[in-house]
Amino acid sequence: MYILSVETSCDETSVAILKNQRELKSLKVYSQIEIFKNYGGVIPEVASRNHVKKITKLIEDSLIEANLKPKDISLVAVTIGPGLIGSLLIGINAASAFAYINDISIVGVNHLAGHIYSANLVKEINFPALALIISGGHTDLVLINRHMNFSLLGKTLDDAAGEAYDKVAKILDLSYPGGPVIDELAKKGSDIYDFSRPFLKDHGFNFSFSGLKSSVYNLCNKLKGNYKKEDIACSFQNAVIDVIIYKIKMALKKYNVNQLLIVGGVASNSELRKRVTNEINNIEIVIPPKKFCTDNAAMIAAAAYFMETSPSNEQSYIFNTNPKLELSKNESKDY
Ligand code: KG4
Ligand code: ZN
């Protein structure tokens, strides 16, 4: 079974072709980071326009790379939310048109389910599993009892972890996206500023990163430039990772799971990867390689493999998009 998938929820235009569960035949990612570096963040309208420019060519290039024809594709998968509505619509229209013209079934995939299934690209998910999705828009702790069945244990009540990295980078006058830059800077710094660990021992499995970001802002103002960015980066990052590890350990204590999956853009963070492996024991941990952590279409195909689909002659090619789509107990239904 070949699945062709399309992901355009934010500023990455991505197409992949996956054979069955994890044989990746092609993965194309066009990132608009270079464009948005100049602005310090994503401009939704500009992102949509760039998706339009790239998406058709990426579908063609993906088929060429996989050495396949459209008729070889058994299923098309596309991200329908959460994300930027304009960007999502470009991917949905391109994927629907491709599926309709070639008489292929199509399935709409929740971007967050995609992030979780990025783990299945490297290792079969062993249920029950605990997943932490840490990205630019989400910080969600999720319990997964079987395929496509998700129970949200906790989430950020304000900024997502990635968002905090991006905003702290802005305070320090670093480029966008802030995560990778802070990751590198922190390696050269010392943890000399004692930032609070928000929600550490209260608020259950929920997170909060906006106060931490404000603490960084206030400290930088107070020090009037008399600090090393490396030290701020290192101290901020340690505060984020301390909270993340604490909450994971709390969840592992309460829920008896077989696997821990850490996914999403922030899962690329080198210090987090190191500390999770060193400090969390007696459980199989799956953290996908970086190319599967940040937004990519391979993870969308990986989730689609486990979704129910309609035969193409009963297929609707019209999709609703939902910028605020959440994970549900049953993501296996067709949209
Ligand atoms: O999953 P993703 O590509 O897009 C969303 O769905 O949001 O995540 C992007 C986020 C950005 O906030 C970026 O700064 C962060 O992931 N990120 C990192 C690293 N690489 C990307 N954060 C910390 N350390 C990194 N190495
Ligand atoms: Zn994402």
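Every value quoted in this text rests on a predicted model; they were computed, and no experiment measured them. Counting starts at 1 for both ligands and their atoms, following the listed order.
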Aromatic plane relationship, Phe209 with Phe207 - under 30° parallel, 30 to 60° tilted, over 60° perpendicular: parallel
Parallel, tilted or perpendicular: ring planes of His203 versus Phe199, cut at 30 and 60 degrees: parallel
Would you say that more than 12 heavy atoms from the other residues, nucleotides or ligands in this model lie under 6.0 Å from the [atom1] of [X], or not?
X      : atom1 : result
Asn281 : CG    : yes
Asn278 : CG    : yes
Tyr100 : OH    : no
Lys291 : NZ    : no

Metal environment of the Zn ion (ligand 2), protein N/O/S under 2.8 Å: His111 NE2, His115 NE2, Asp295 OD1
Donor-acceptor contact below 3.5 Å, side chain [X] vs main chain [Y]:
X      : Y      : result
Asp295 : Thr8   : no
Ser5   : Ala77  : no
Lys229 : Ala186 : no

Can you report which non-hydrogen protein atom sits closest to [atom], along with the distance?
atom                    : answer
atom 11 (C) of ligand 1 : Asp166 OD2, 3.6 Å
atom 18 (C) of ligand 1 : Gly179 CA, 3.5 Å
atom 7 (O) of ligand 1  : Gly136 N, 2.7 Å
atom 24 (N) of ligand 1 : Asn269 ND2, 3.0 Å
atom 20 (N) of ligand 1 : Gly265 O, 3.5 Å
atom 2 (P) of ligand 1  : Asp295 OD1, 3.4 Å
atom 26 (N) of ligand 1 : Asp183 OD2, 2.9 Å

Test: Lys54 cationic atom under 6.0 Å from Tyr30 six-membered ring centre, within 45° of axis: yes
Min heavy-atom dist Lys290 to ligand 1 below 4.0 Å: no
Ligand 1 contacted by Ala160 (non-hydrogen, < 4.0 Å): no
Check: Phe306 ring centre within less than 6.0 Å of Tyr117 ring centre: yes
His138 contact mode with ligand 1 (heavy-atom cut-off under 4.0 Å): neither
Which segment of Ala161 sits under 4.0 Å of ligand 1 when only heavy atoms are counted: neither
Do the side chains of [X] and [Y] get close enough for a salt bridge, i.e. N-O under 4.0 angstrom?
X      : Y      : answer
Asp242 : Arg275 : yes
Glu284 : Lys123 : yes
Glu65  : Lys28  : yes

Show me which atoms of ligand 1 lie under 4.0 Å from any heavy atom of [X].
X      : value
Ser268 : 20 (N), 26 (N)
Ser135 : 1 (O), 5 (C), 6 (O), 7 (O), 8 (O)
Cys293 : 1 (O)
Thr294 : 3 (O)
Gly137 : 7 (O)

Polar contact flag for His115 and ligand 1 (N/O pairs, less than 3.5 Å): yes
Test of proximity, Gly162 against ligand 1: N or O pairs below 3.5 Å: yes
Short side-chain donor-acceptor distance under 3.5 Å, Gln237 and Tyr165: yes
